[in-house]
Every structure is written in structure tokens, then in C-alpha cells.
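Structure, as C-alpha cells:
Residue numbers start from 1 in every chain, and the chains themselves are labelled A, B, ... in the order their sequence lines are given, proteins ahead of strands.
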Amino acid sequence: MLLYGLTWLVVFQLLGTAVSVLLVPMLPGPIVGLVLLFIFLLVRGQLNESIQQAATTLLRYLPLMLVPPAIGVMAYTHEILEHFWAVVGVLVVSLALSLVFTGWLMQRLIERQARRQEEKSC
Amino acid sequence: MLNWQAAGQAVVHHPLFSVGLTLIAFQMATWLYAKTRKLWCQPFLVAMTLVISVLLLCQIPYEEYRQNNWLLTIWLGPTTVALAIPLYLNLSRIRQLFKPIMLTLVIGGAVTSALVFILGWLFGTSHSLLMTLAPKSATSPIAMLVAENLGGVAALAAVFVLLTGVLGAMMGPWLLNKFQVHNPAARGMALGLTAHAVGTAQALHEGEECGAFAAMAMSLMGVLTAVALPVAVALLS
């Protein structure tokens, strides 16, 4: 049942919102909900098929849901043009550099760990 | 005499027009990507371009479009929560790579924020603009809060976050290929850490493991930005 799984996800988002307001106002409700559901799954030790089905369905359409908020860039064309060089220089350059750096670092660390484990098993 | 103009206006300003526009643009973009498999045909960007063109052509203000699409966007919250599932399914892999993940998060997160400060100083950006740009790799609600606390502009922070996400998802796969980062866990980590939700969507497209690591990196980076960035700024100034 897809609806059953969707209901769980909605309930956890609402729980997350409550916890966010009560305890961690610097974190948004959905992120707290993510952490809560993850902890719930860890404690329970198994994944309900219906939740998995609902999650897969929603995640498949994540790019679709992101389109309307992303169009907001249009409403700020003026501000972006005003700060054009800061945007290009700081945002684009730092984004490209940190993207490559993070990916490279993670891959190196994974390879290093794999090598060490191999040495250990030898 | 048929009133074509009235009919046209009724269709264009019907709430479902905006929803239909999003759906049609998204499917056309996905179809185009499946046909061409070109990286610059990144479906998300093509869909955005199509929607913006139609909105400008039909003179629909962004506010109207956004409000009429609430039925789609309200699911963003539960979908964020749903990211717990790929995380849980890849638990053994995440446990196995726990040390690389934590090291990449702390070093990568620090470098990402430091780069903004260094480049901002080089380009001579104002303090307020710098504080608006600093949290750009976190999801927008976190970035808006942090920017506001640091003396930046919340609305503009949301725009920078969006731009970062869209550009990251567009350039990310290409850049990572160029620098021979092929490990799905590493690719996911890079996309989620620097380009939050849009990057995660792109990573999910590449595969489940890649998506799981992106989802995790996104949440961890969000927490790190919310907690560590204000502290770092306070220490620096």
C-alpha cells in the first residue's frame, strides 16, 4: 500500500517540525524528520515494504518537485546581475573547486582504506 | 464572435496551467535527455529553461506560478524525510566507510567555506554579501537562517543556494568525470556536500549508492553549516 508508506513519511516530517521548534531551531523540520526516521529504522532493524515503496516513488520525482522553487532564480535576476562578479567569482569558482576536491579526497580515502585492509588480511 | 483572448487568459491563469507547465516541461526534458544522453541536456536545467520561457511569454509572475504549484512542492518535506531509506539500505557500506566519510565531511566542509571567504576577499565582496554566500552549500532553510544570523540577506541566500544546487548538478558529473572520480560513494559525497538537494537528485539519478551518500552528505553538511559556521565566523572576526 503506497498510501500507508506516504502517511508514515508525512507523520515523520510533522514530528521533525515539532522537534525542530522545540529543541533545534537551527535545523529545518524535514531534516530533523530524516534523522528521526533513520533512528527509528535503526532501532526497529527492518524496513516496511510500503515505506520503501513510497520513498522510492517520491525520490524518483524529487527533481520535478525542485523545479518550482528553482524558478525563483527568475524573480531575482536583478539582484544576481547587480552582484554578477561576486556570484561568478565566489560562487561558481568555489563550487567547482570544492566539488572536485571533495570527490577526489573521498575517493583517495576510500582507496587508502581498501589498501590498508588488504595489507591487514595478507 | 468568439472571445479568443478571454479563453486564452482563462487557460493561462488557471491554477492547473502552472502545474501542467511543470509536468510537461519536466517530461519533455527527461525525454530529451534519454534521447541525446548529453550532459548539457541536464533534465533539470532544460525543464527550468522551458518553464521560465513560457512564464515570460505568457506574462505570468513567479509568485503566481509558485503558489499554484503548492501541490507539488508540499511533498518536498516528506521526500527529504524519505532520504532516510536509501541511507538505511546502504547502512553496511556507510559503516564500512565511516572514517573516510567523517574526514571528507570535516575537511571538505571546511575547505568549501574557506574557499568562499578567500575568493570573497580576493574579489573584494562586501561583508554582508560574504555572509550571504558563506552558507550556500547547505539546503535553503538552513542557509537562510545562518545567513540572517551572520548579518547576510536571507532572501538572497536562498537564491545563491539555488544557483549553487543547479550549477553543481549541471557541472558536477562532468567535473567529476574530468578528474577521474568514478567511485559512486565519492561522487555522491561530492554532489550532496556541495550542491545539497539538487545535487542529491542528480546523484540518485546516477544510482542508489551514489544517491545514499549524497543524501547523507547533504544532511551532515546542513548540520555542520548550522552549527560550525557561526562559530568559525565568530572566531575569525
Side-chain angles (χ1 to χ4, degrees), chain A residues 6 9-10 12-13 16 26-31 33-35 37-38 41-42 47 51-52 54-56 58-59 62-76 79-80 83 85-87 89-107 109-110 113, chain B residues 22 26 44 47-48 51-52 62 66 69 72-73 75-85 87-88 97 100 103-104 108 111-112 115-116 119-120 123 125 129 133 141-142 145 156 159-160 162 164 166-168 171-172 175-176 179 181 183 186-187 189-190 193-194 198 201 204 219 222 226:
Chain A
L6 281 180
L9 295 175
V10 171
F12 266 95
Q13 132 101 72
M26 66 279 208
L27 294 180
I31 296 274
L34 190 172
V35 176
L37 178 58
F38 185 63
L41 291 173
L42 281 182
L47 181 57
I51 298 184
Q52 190 177 350
T56 316
L58 282 183
L59 287 173
L62 175 59
L64 172 70
M65 294 172 212
L66 285 168
V67 170
I71 302 296
V73 171
M74 184 181 121
Y76 289 94
E79 278 84 351
I80 295 173
H83 303 298
W85 288 110
V87 172
V90 183
L91 195 146
V92 179
V93 177
S94 76
L95 171 66
L97 286 177
S98 50
L99 223 156
V100 171
F101 175 73
T102 336
W104 172 83
L105 179 68
M106 180 77 175
Q107 184 159 284
L109 289 170
I110 293 173
Q113 194 189 44
Chain B
T22 315
F26 184 75
F44 191 72
M48 268 182 72
V51 172
I52 292 183
Y62 168 66
R66 191 184 61 94
N69 267 300
L72 279 178
T73 42
W75 288 101
L76 270 174
T79 308
T80 310
V81 175
L83 286 169
I85 278 79
L87 265 182
Y88 178 74
L97 294 177
L103 276 173
T104 310
V111 168
T112 304
L115 273 170
V116 174
L119 285 162
F123 280 85
T125 29
L129 191 61
L133 278 163
I142 296 181
L145 263 169
L156 205 54
V159 178
F160 290 153
L162 264 168
T164 305
V166 173
L167 289 172
M171 309 190 300
L175 273 173
L176 291 169
F179 287 87
V181 180
N183 188 304
R187 289 175 75 94
M189 194 77 189
L193 201 136
T194 51
V198 193
L204 278 165
S219 344

Measure the spacing between [atom1] of [X] and [atom2] of [Y] and express it to the nearest 0.5 Å.
{"X": "A:W104", "Y": "B:L176", "atom1": "CH2", "atom2": "CG", "answer": "14.0 Å"}
{"X": "A:I51", "Y": "A:T56", "atom1": "CD1", "atom2": "OG1", "answer": "11.5 Å"}
{"X": "B:T22", "Y": "A:L66", "atom1": "OG1", "atom2": "CG", "answer": "12.0 Å"}
{"X": "B:T112", "Y": "A:L95", "atom1": "OG1", "atom2": "CG", "answer": "9.0 Å"}

When [options] are compared by non-hydrogen pairs under 4.5 Å with chain B, the top option:
{"options": "A:P63, A:P68, A:A96", "answer": "A:P68"}
{"options": "A:P30, A:G29, A:G33", "answer": "A:P30"}
{"options": "A:I31, A:L41, A:L37, A:V93", "answer": "A:L41"}
{"options": "A:V10, A:V35, A:L47", "answer": "A:L47"}
{"options": "A:T102, A:L99, A:L105, A:L109", "answer": "A:L99"}

Heavy-atom pair of closest approach, residues [X] and [Y]:
{"X": "B:T194", "Y": "B:A190", "answer": "OG1-O, 2.6 Å"}
{"X": "A:M65", "Y": "A:L58", "answer": "CE-O, 3.6 Å"}
{"X": "B:A186", "Y": "A:I110", "answer": "N-CD1, 4.3 Å"}

Heavy-atom distances under 4.5 Å only: say whether [X] touches chain A with side chain, backbone, both or neither.
{"X": "B:L87", "answer": "both"}
{"X": "B:Y88", "answer": "both"}
{"X": "B:F160", "answer": "both"}
{"X": "B:T125", "answer": "side chain"}
{"X": "B:M48", "answer": "both"}

May I ask you to name which of [options] has the most heavy-atom pairs under 4.5 Å with chain A?
{"options": "B:V51, B:T164, B:V198", "value": "B:T164"}
{"options": "B:A47, B:A82, B:P100", "value": "B:P100"}
{"options": "B:L204, B:L193, B:L115, B:T104", "value": "B:T104"}
{"options": "B:L133, B:V166, B:V159, B:T73", "value": "B:V159"}

Segment of A:Q113 engaging chain B (4.5 angstrom heavy-atom cut-off): side chain

With sequence neighbours excluded, residues passing side chain to side chain contact (heavy atoms under 4.5 Å, CB included) with B:Y62: A:I71, A:M74, A:A75, B:Y65, B:R66

Stepwise side-chain contact (heavy atoms from CB on, under 4.5 Å) test for B:N183 and A:M106: CA-CA 9 Å; B:N183 188 304; A:M106 180 77 175; over 6 Å; no

